[in-house]
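Each chain gets a letter, A, B and so on, in the order the sequences are listed, and its residues count up from 1.
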Amino acid sequence: MKLLHNLNPPQKEAVQHGEGPLLVLAGAGSGKTRVIVHRIAYLIHERGVPPWQILAVTFTNKAAGEMRERIRHMLGDGETPLVSTFHSTCARFLRNDIKSLGYDPNFAIYDDKDCERLLKDCSAELNLDEKRYPVKLLGSSIDEFKNQGMTPFDVPADSPYQATLARVYRCYQERLKRCNAVDFGDLLLLTVQLFEEHPEVLEKYLKRYRWIMVDEYQDTNPVQYRLVQLLAGERQNLCVVGDDDQSIYGWRGADIRNILEFEKDFPNVKVVKLEQNYRSTKNILDGAWHVVQKNRGRKPKRLWTDNPEGESIVYRTLPNEWEEARLVCREIERFLSEGGDLSEVAVFYRTNAQSRVIEDAMVAASVPYHMVGGVRFYARLEVKDILAYLKVLDNPADDVSLKRIINTPPRGIGNTTVQRIAEFANEKGIPFHDAMLEGAYGPLLPAAAKGKVAAFVNEMEGYKALSEKLPLSELTAAVINDSGYYARLKSLPRDEGQDRIENLQELVTAMQVYETGPGEKGLADFLEQVALVSDLEHEGDGKKASATLMTLHSAKGLEFQLVFMIGMEEKLFPHARALENPEQMEEERRLCYVGMTRAKKRLFLLNVRRRHIFGQEQMNAPARFIADIPKELLDGGDLWQRSEPSHNFSSSSSSSHNLASLFEDEMEPEVADNEVRMVPEDGEDGIWVGMKVRHAQFGPGTIRKIEGEGDNQKVIVWFNSLGGPKKLLVRFAGLERA
DNA sequence: CGGAACTTGCTTTTT
DNA sequence: GCAAGTTCCG
């Protein structure tokens with residue numbers, strides 16, 4: 001076993017550390033996962049620790065998956081340690097022992113949307129003014145309370161406002177319990193409560209899990225911190241790995257002090273620093289360091305690398321987001337022509353909304369890509385609808401799901417009826433489901449409504465019966481058909497219905513895959529996966545090479561040879577909401593650091609002069625981070641406010657464009673409007689047959705024909721250079737009026 | 001009660 | 001610019 005082979009001295013030190021707390025400060029690209037994996041193998045092989053005594057906790061499913069994979073690769077197929085996210089770990093504990101807290105073990109896990117529905121009911125019950133207490137705000141406040149480890153009774157009523165929040169929180173919590181449901185925050189908080197109020201339960205887990213590892217420790221919030229402490233027990237065989245420079249989840253309650261003060265919390269801790277970076281070129285590493293080094297709340301340190309200096313970091317400013325996207329595609333093509341591998345390419349953006357333009361450009365340029373995150377599959381309307389049927393079958397007390405489907409598709413059970421049932425449920429403090437039965441069989445409702453509700457109850461009983469004999473995928477197919485949901489989608493206009501039908505087919509396929517996979521095959525287990533994994537893994541796409549699109553947040557832990565960071569503009573990145581708050585600004589800076597340090601060989605920092613946000617044109621200054629990178633590391637750095645020359649079509653008509661003033665609104669010459677207006681927004685005034693245009697590549701030409709509208713608008717242009725026509729998507733052509 | 005037409009408010013980031 | 005929520009009408 002070459003366990004210690006190819007490890008540098010500090011890595012070895014971390015791997016070989018025995019009992020007692022261990023803090024590994026692992027810089028970007030310093031072989032962090034490697035250390036965890038090797039350490040686990042070391043414990044098992046050299047220390048004789050049984051695998052089932054080891055628990056490794058991560059933040060994301062992706063990280064857990066990767067770690068599991070690498071452990072299996074190292075240890076083979078035998079028994080493996082439990083590697084899972086905080087939330088899945090807690091869900092597992094709660095499924096076993098939540099009875100002690102008065103919930104049923106088949107509790108549902110609510111996502112944000114579900115919680116919002118519930119909160120709305122609470123808000124109504126408490127007669128709150130929705131203007132003063134927007135549901136969104138209530139939700140985030142409660143989430144924050146939970147992250148801090150506070151129950152409704154821990155909320156200090158030091159102002160009327162706080163007192164109201166506490167009341168909402170209490171109401172919300174009661175309702176969740178009545179639904180036999182928990183939210184994400186509860187998974188952690190209830191587990192802590194469980195352990196603190198029932199020491200005998202904790203004892204059970206302490207006996208079993210004797211070695212605890214926590215990845216990305218800098219991202220733990222106070223509840224997670226408490227959980228880790230509880231699980232460490234007196235043994236304190238606790239190994240935490242993290243990097244304060246990569247703490248990017250402050251908004252989710254993560255407290256960077258957890259890692260900065262770990263040494264205080266565990267006085268006899270062993271600290272190991274991993275400072276050699278194996279990933280990036282010197283230029284990239286240096287550039288990133290200059291960005292993050294400005295932060296005050298960090299442990300002073302500087303990574304080093306034996307890697308070559310490498311290429312300069314490339315900085316470019318484009319006229320608009322479409323040109324930005326096109327540059328990305330062109331550079332990807334260049335990279336491929338140099339023999340690069342598409343799976344080594346990533347595009348990072350600050351907000352999900354930015355992905356669309358890139359996607360469109362990639363489709364147009366035929367660059368295969370896949371998106372990580374984004375609109376989650378299981379969050380789609382139609383998927384949630386069908387899942388709601390299944391959730392009710394699994395847990396009839398689930399009010400939110402039941403109310404969702406009772407009249408979806410329409411079965412003539414209107415608002416009045418639902419309201420009456422809900423009122424009855426509230427009066428009695430019983431689940432909506434029980435009140436609904438009363439409606440179907442008792443004197444609660446007028447005859448017409450009663451009949452319809454009874455029919456629905458019947459329908460659900462039918463599914464329940466099916467659920468006992470059919471595999472999940474077939475049950476689901478039956479629900480989709482028999483409920484009339486499918487017929488309804490069919491009846492929609494083609495463009496609306498088709499996507500949704502395909503999504504439902506994908507849902508059934510996902511279930512079939514799940515059924516043939518290993519492990520549990522039940523409905524409850526599937527639902528848990530859906531709640532916690534929250535996205536379909538598209539690994540099955542045959543590892544077909546494709547570029548990766550994702551937010552900066554989901555980029556953490558990954559690496560690529562070629563990285564683009566787009567939208568490097570003030571108000572976007574750093575995000576507008578961070579501008580006023582120094583702490584949040586530090587987090588943006590770390591986010592920038594995380595993004596840059598993902599790049600192994602080539603790094604592009606891009607921004608645009610004008611961008612559409614909320615459908616409105618905005619002009620923002622370049623991200624401040626650009627100016628923090630020494631000019632000698634940057635290609636384009638000395639001209640940092642200059643437009644990208646070779647792709648700035650109007651540069652010939654106005655050389656003043658090349659100078660620094662472009663970002664100042666007043667100075668913006670109107671000539672620049674041309675190229676922007678040419679980008680079709682709603683197909684309005686911009687173009688007409690016979691119009692003379694200029695194309696970056698093909699030069700001057702004349703529009704012969706216009707086809708389609710909006711995003712799909714195409715033009716046929718007769719180009720002089722070609723001596724013939726060319727069909728172009730207006731959106732991507734970047735045509736300029738000639 | 002159901003569906004169309006209109007209005008709104010929204011965007012950080014994820015389990 | 002868009003999706004979701006609300007209002008209004010048949």
Side-chain angles (χ1 to χ4, degrees), chain A residues 57-64 84-91 109-113 115-117 120 130-131 134-136 140 143 146-147 182-189 216 219-221 223-224 247-254 348-357 372-376 378-381 384 407-418 448-449 452 488 491-493 496 528-535 550-556 567 571-579 581 584 587-588 590-592 594-595 612-617 681-682 710-711:
Chain A
V57 189
T58 66
F59 275 81
T60 64
N61 294 299
K62 216 190 310 156
S84 80
T85 64
F86 266 102
H87 293 268
S88 315
T89 309
C90 288
I109 300 171
Y110 275 4
D111 68 15
D112 300 356
K113 281 268 151 54
C115 296
E116 226 171 77
R117 289 263 162 102
K120 242 184 190 156
E130 290 240 0
K131 285 263 154 9
V135 174
K136 279 236 163 12
S140 56
D143 195 44
K146 290 186 175 178
N147 286 336
V182 306
D183 62 16
F184 283 122
D186 279 344
L187 286 171
L188 305 170
L189 184 55
E216 308 281 11
D219 289 328
T220 47
N221 64 30
V223 209
Q224 286 161 331
S247 162
I248 54 175
Y249 285 105
W251 51 274
R252 208 165 76 185
F348 302 152
Y349 33 83
R350 179 64 236 269
T351 68
N352 276 310
Q354 290 167 259
S355 69
R356 249 193 54 198
V357 178
V372 176
V375 191
R376 279 184 273 286
Y378 293 115
R380 307 217 167 129
L381 201 75
K384 279 210 81 173
N407 200 34
T408 309
R411 355 179 124 74
I413 302 175
N415 230 310
T416 328
T417 307
V418 172
K452 286 171 179 159
R488 196 178 133 78
S491 74
L492 255 43
E496 282 177 52
E528 174 150 329
Q529 255 199 284
V530 167
L532 295 177
V533 175
S534 78
D535 207 358
M550 62 175 121
T551 64
L552 283 157
H553 279 85
S554 34
K556 192 163 63 169
K571 289 186 170 171
L572 221 203
F573 185 36
H575 194 270
R577 291 178 62 162
L579 295 182
N581 180 329
Q584 286 185 41
E587 186 151 312
E588 297 289 308
R590 292 191 291 266
L591 196 53
C592 185
V594 167
H612 292 262
I613 294 178
F614 292 145
Q616 282 216 316
E617 201 167 70
E681 291 159 41
D682 8 57
D711 279 4

So [X], base contact, sugar-phosphate only, or nothing? Heavy-atom distance under 4.0 Å.
X	value
A:T89	nothing
A:F86	nothing
A:F573	nothing

With sequence neighbours excluded, tell me which residues meet ring-ring contact (aromatic ring centres under 6.0 Å, His included) with A:F573.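 A:F573 satisfies ring-ring contact (aromatic ring centres under 6.0 Å, His included) with A:F625 only.
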In chain order, what residues pass the ring-ring contact (aromatic ring centres under 6.0 Å, His included) check against A:Y349, with sequence neighbours excluded?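 In terms of ring-ring contact (aromatic ring centres under 6.0 Å, His included), with neighbours along the sequence ignored, A:Y349 is linked to no residue.
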Relative to the 5' end of DNA chain B, which residue comes earlier, A:T416 or A:R252, by the nucleotide with the nearest heavy atom?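 Its nearest nucleotide being more 5', the pick is A:T416.
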Can you tell me if the side-chain N/O atoms of A:R356 get under 4.0 Å from OP1 or OP2 in C:dC2?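 Result: yes.
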OP1, OP2 of B:dT13 versus side-chain N and O of A:S554: anything below 4.0 Å?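 No, no such contact exists.
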Strictly below 4.0 Å, N to O, side chains only: are A:E116 and A:K113 in salt-bridge contact?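 No, this pair does not count.
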Can you name the residues that form a side chain to side chain donor-acceptor pair (under 3.5 Å) with A:T60, not counting sequence neighbours?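 In terms of side chain to side chain donor-acceptor pair (under 3.5 Å), with neighbours along the sequence ignored, A:T60 is linked to no residue.
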Please enumerate all residues that pass side chain to side chain donor-acceptor pair (under 3.5 Å) together with A:R488, with sequence neighbours excluded.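 Residues passing side chain to side chain donor-acceptor pair (under 3.5 Å) with A:R488: none at all.
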Side chains of A:T85 and A:T58: is there a donor and an acceptor less than 3.5 Å apart?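 On atom types as modelled, these side chains do not qualify, holding no pair under 3.5 Å.
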Separation of atom [atom1] in [X] from atom [atom2] in [N], rounded to whole Å:
X	N	atom1	atom2	value
A:L572	B:dT13	CG	C1'	13 Å
A:W251	B:dT13	CH2	C1'	4 Å
A:N352	B:dT11	CG	P	12 Å
A:E216	B:dT13	CD	C1'	15 Å
A:I248	B:dT14	CD1	C1'	10 Å

Extract from the structure each pairing of a protein N or O with an N or O of nucleotides 5-10 of chain B at less than 3.5 Å, listing the distance.
none

Hey, what are the protein-to-nucleotides 2-4 of chain B N/O distances that come in under 3.5 Å?
{"from": "B:dG2", "atom 1": "OP1", "to": "A:G412", "atom 2": "N", "distance (Å)": "2.6"}
{"from": "B:dG2", "atom 1": "OP2", "to": "A:N407", "atom 2": "ND2", "distance (Å)": "3.1"}

In terms of relative ring orientation, are A:Y249 and A:H553 parallel, tilted or perpendicular, with 30° and 60° separating the classes?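 A:Y249 and A:H553: tilted rings.
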